[in-house]
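Along the sequence shown, the residues carry numbers beginning at 1. On a predicted model such as this, the values are computed, not experimentally measured, just so you know.
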Amino acid sequence: GRLYALNTFGAVLGTYAAGFHLIPTLGVKTTLLLAAVANVGIGILAIVFDRHLHRLADQPEPPPAAAASPSAAVPAGPPPDRRSAAAVWLTVVGLGISGAASMMYEVAWTRALSLVIGSSTYAFSTMLVTFLTGLALGSYLYSRFAGRLRITPLFFGWLQLGIGLSGLLVTPLFDRMPELFLRVFQISQAPAFVKTIQLFISALAMLVPTLFMGATFPCAIQIASTAMSRVGYDVGRVYFINTGGAIAGTVAAGFALIPVWGLQSTLEVAVSLNLCLAFALFVAPRWSGWTRSAALLIPILAMGALYLSPVWDANAMTSGVAIYGRSYFGRLRAASFRGTAASADRLLYYKDGVSATVSVHRQGELLYMRVNGKTDASNSGDMHTQLMAGHLPMLVRPDAKRVLVIGLGSGVTAGAAALHPTERIDVIEIEPAVIEAAKFFVKENRGILTNAKAHVAVADGRNFLLASDGNYDVIISEPSNPWMRGIGNLFSLDFYELAAQRLAPKGIVCQWVQMYGLFPEDVRMVVKTFRSVFPYATIWNTTRGDLLLLGSKSPWTLDNAILQTRRAAIAGFREDLAKLGADSPLAILADFVLAEEDVARYSQHALINTDDLPVKTKSA
């Protein structure tokens, strides 16, 4: 128990150091090298200590009276109950089942908490630190008190019951956590305080169940160990079963349970596994009387309560309080934040997808899509940027035949690009639920999902580029905000160099940059990184919070004759110009901000964002 606790506390320290300090300061490569050097150093020290111990062993032994008593170092405690070999076997197998349930909890908790405390890299690091801290504390507490208890398969069953009951109590509270976050968030919006809120909410959800989880491994070891000479074998066997269960639980939760049944049902499956395992362990021992009946009744009643628990309020869960917190402060005066969140708009679509939770909402004529609680597309404020991202590069490169759009969103950008005389448009979207949600925008995107020229693929944008043969005339990249987890590598120097390799001669790249949530130096960093690969870069300001970067490796022009020809020949282009409030196609120049020379001056002293050294944005 002490060794497992020490190892897990080390994991907590490593997670915190890597996520908050080492990678932002030293970079990914140096952090990995530092870890490797640390492992080599540990190995060398172990060899040196081993040789030193061998030399000590060669010396004469001290008198028996001076020898240390083994029991002084490790409390022996009552021996484990070995009356039932079946119960011991059930404990070992049960640890594998418990490991699977634990990973189901972690995956589902992390996804659900990202809807409450945000999806930044630092929020996810906070969740992992909290989860590992609970495991470490649970193992440590077990090692402190195990010597005073009779450790039997029945005791392991009580630990499983503790996990299940605490998970059962926490699960119905998730859709109340957005309101709790808001009420604490009102006190201060300082970054350090926000991180404290994130830690507090994470601990509220995970700490108690993970305390019980941390105790299960050393408990199973103590039950399964047969002799001191076989400790290594017994520990390895139990650890193998536990890790195998953890792998199975991770795969099942991430690729099957969450996409099919959703986050809440996945947590309920995990709770059910713990409760059923506790019931089986209570049945296995030979004991009788009212104590046995009461013990068996607890998991049965808990299972009944589990399936009577209320369904989460989807509007509250997708409200995005970590992003739009200030705009919700007025609603806290109402009796129920969940009620006001539900009355504010109509939920048309909700899906816990493989990688994100996607929802579509309507407020009167306003239609918008949210990914993990953040609005990423709409038919109102975002339309200007969505349309310009599709039309502008096609007007600069009017002979474009092959187009790549990274990020489907509402599909409006791909739909705008499809109006032009192209031959093929590859649209890459990592989350299948976004593709389903885009069907609600069929009017705005002109049915891009059924357009013969469009080929929608579920894939990671960078991996698709790596595997493609390239030769794209236009690449349009419109991911979510740079500070979102997993998005930063679509704003890195490495990504732009890869995109340049997949461009046809005189190809154009258009990058959507969300300025809101970024400090000025962050925006300059994105521009400098982009311009480092595409020196002929210009900046276009489509709305108050959005920029478009348009760049190439060779000079380019925007030809008025092309603009007029396209306006006359393409009815859809005329309609989109009207939506932009433009009578003439030249009116799109109102969005123009900086030419190549000005972009160079604007970004000359900025940092460059790379995969190895991702820049730490202040907004995160």
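- Enclosure of atom OH in Tyr516 by more than 12 non-hydrogen atoms of other residues, nucleotides or ligands within 6.0 angstrom is indicated.
- Between the CZ atom of Phe282 and the CG atom of Leu296 there is a distance of 7.5 Å, given to the nearest 0.5 Å.
- The backbone N or O of Ile117 sits less than 3.5 Å from a side-chain atom of Gln198, completing a donor-acceptor pair.
- Using modelled atom types, one finds a donor on one side chain and an acceptor on the other under 3.5 Å when comparing Asp352 with Thr357.
- Leu281 contributes atom CG, which lies 10.5 Å from atom CG of Leu161 (distance to the nearest 0.5 angstrom).
- Glu268 and Thr171 share no donor-acceptor pair across their side chains, judged by distance under 3.5 Å alone.
- Nearest heavy-atom pair across Ala322 and Val116 is CB-O, 3.5 Å.
- Remark: side-chain polar atoms of Asn451 are not paired, donor with acceptor, to backbone N or O of Ala418 under 3.5 angstrom.
- Counting heavy-atom neighbours within 6.0 Å of Tyr140 OH, excluding the residue itself, gives a total of 12 or less.
- Looking at residues two or more places apart in sequence or on another chain, you find a side-chain contact (heavy atoms from CB on, under 4.5 Å) between Phe200 and Leu180.
- Heavy atoms from other residues, nucleotides or ligands lying under 6.0 Å from CZ of Phe255 number 12 at most.
- Within a 6.0 Å sphere centred on CG of Leu466, heavy atoms belonging to other residues, nucleotides or ligands number more than 12.
- Note that CD of Glu436 and CG of Leu449 are 10.5 Å apart. Values are rounded to the nearest 0.5 Å.
- Atom CZ of Arg485 sits in a sparse spot, with 12 or fewer heavy atoms from other residues, nucleotides or ligands closer than 6.0 Å.
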Output, in order, the C-alpha distance, side-chain angles, deciding distance and verdict of side chain to side chain donor-acceptor pair (under 3.5 Å) for Gln386 and Ser410.
CA-CA 9 Å; Gln386 293 171 146; Ser410 63; 3.0 Å; yes
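- Aromatic ring orientation, His21 versus Tyr16: perpendicular (interplanar angle above 60°, classes split at 30° and 60°).
- Remark: of the listed residues Thr130, Thr133, Leu207, Thr130 is the sole one forming a side-chain contact (heavy atoms from CB on, under 4.5 Å) with Ser202.
- Aromatic ring pairs are classed by plane angle as parallel below 30°, tilted from 30° to 60° and perpendicular above 60°; the pair Tyr349 and Phe440 is tilted.
- Taken from CG in Asn379 to CZ in Arg362, the straight-line distance is 7.0 Å, to the nearest 0.5 Å.
- Judged purely by distance below 3.5 Å, without hydrogens or angles, the side chains of Arg370 and His361 never pair a donor atom with an acceptor atom.
- Looking at Asn372, its side chain never comes within 3.5 Å of a backbone N or O of Ala356 through a donor-acceptor pair.
- Among Val92, Leu90, Thr91, the one residue that satisfies the side-chain contact (heavy atoms from CB on, under 4.5 Å) test with Pro153 is Thr91.
- Environment of CZ in Phe9: crowded, with over 12 heavy atoms of neighbouring residues, nucleotides or ligands closer than 6.0 Å.
- Residues passing the salt bridge (charged side-chain N to carboxylate O under 4.0 Å, His left out) test with Asp460: none are found, sequence neighbours excluded.
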